[in-house]
Amino acid sequence: MTTTSPPDRDAALALLRERIRDVPDHPRPGVVFKDITPLLADPLAFRALADLLADECLRLGATTIVGMEARGFILGAAAAARAGVGFVPARKAGKLPGPILSRAYDLEYGSAVVELQTDALQAHDRVLVVDDVLATGGTAEAVLRLVRSTGATVAGLAVLLELAFLGGRERLGRSLADADLYAVVV
């Protein structure tokens, strides 16, 4: 399946950058929150992002996209629909029915658990994990390990925005192994 990315990739990237709003001191003083609501509200920008992520999915030969809660659901589902592949949510603890696999991980200010349904992925699946922002990498690392625990192959991790100064890419080095890391906006 081919996607309908704008012919000018640089223009698409500029549009995406324009539509990401900085919100200072949210959720606490000193933090600059990256608000993607303006991007999602703009159909051209949202489609351009979905197409770029779908193109990455197809380039990697992924058969499934796993979207990380919560904004990764929005981006991953749109990209999966554009690429013609399945979508699986990686959820916070207690949100999924039935048998689940879980992985605990540390945050800057505590810990959390991420879960997948046990039958959501199969050993033959090639998975692209999608999220909105790569910051410190803790949640992404947990999801990558969780996906691998199903027997599926991690083809890559794709994010809209990488906050390189927080060191997430370095943290993920071992967890990514030979999988690609694609940041649309760096």
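Using a 4.5 Å cut-off on side-chain heavy atoms (C-beta onward), Val127 and Thr150 make no contact. Inter-residue side-chain proximity for Gln117 and Pro97 is flagged as met; some heavy-atom pair is nearer than 4.5 Å. Using a 4.5 Å heavy-atom threshold, the side chains of Val66 and Leu121 count as touching. Under the 4.5 Å side-chain criterion, counting only non-hydrogen atoms from C-beta, Leu52 is not in contact with Glu56.
Within the structure, salt bridge (charged side-chain N to carboxylate O under 4.0 Å, His left out) pairs that include any residue of residues 110-137 comprise Arg71-Asp132 (at least two apart or interchain). Identified under the salt bridge (charged side-chain N to carboxylate O under 4.0 Å, His left out) test for residues 87-106, with sequence neighbours left out: Glu69-Arg91. Within the structure, ring pair (Phe, Tyr, Trp, His ring centres under 6.0 Å) pairs that include any residue of residues 33-86 comprise His26-Phe33 (at least two apart or interchain).
Closest of all the heavy-atom pairs between Phe87 and Ala80 is CB-CB, 4.0 Å. Residues Gly137 and Leu134 come closest through the heavy atom pair CA-CD1, 3.7 Å. Annotation for Leu53 and Ala79: closest pair CB-CB, 3.6 Å, computed over non-hydrogen atoms. Here the closest heavy-atom approach between residue Leu58 and residue Ala83 is recorded as CD2-O, 3.7 Å. Nearest heavy atoms, Ala45 versus Leu16: O-CD2, 3.3 Å.
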**Request:** Show your working on side chain to side chain contact (heavy atoms under 4.5 Å, CB included) between Met68 and Val130 and close with a plain yes or no.
**Result:** CA-CA 6 Å; Met68 295 168 48; Val130 172; over 6 Å; no
Check residues 156-169 and write down every donor-acceptor pair under 3.5 Å in which the side-chain atom is one partner and the other belongs to a residue at least two apart or another chain.
unit_1: Glu162; atom_1: OE1; unit_2: Arg169; atom_2: NE; d: 3.4
unit_1: Glu162; atom_1: OE1; unit_2: Arg169; atom_2: NH2; d: 2.8
unit_1: Glu162; atom_1: OE2; unit_2: Arg169; atom_2: NE; d: 3.1

Could you give the side-chain donor-acceptor pairs of residues 172-179 under 3.5 Å, partners two or more places apart or in another chain?
unit_1: Ser175; atom_1: OG; unit_2: Glu141; atom_2: OE2; d: 3.1

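Atom CG in Asp8 sits 11.0 Å away from atom CG in Leu15 (nearest 0.5 Å).
Tracing side-chain contacts under 4.5 Å through hydrophobic residues (I, L, V, M, F, W, Y), one reaches Val85 starting from Leu60; they form part of the same cluster. Val113 and Leu116 are assigned to two separate hydrophobic clusters, defined by single-linkage of ILVMFWY side chains at heavy-atom distances under 4.5 Å.
For Asp25 (side chain) and Gly30 (main-chain N/O), a donor-acceptor pair under 3.5 Å exists by modelled atom type.
Grouping Ile, Leu, Val, Met, Phe, Trp and Tyr residues whose side-chain heavy atoms lie under 4.5 Å apart, directly or via other members, places Ile100 in a hydrophobic cluster with Leu96.
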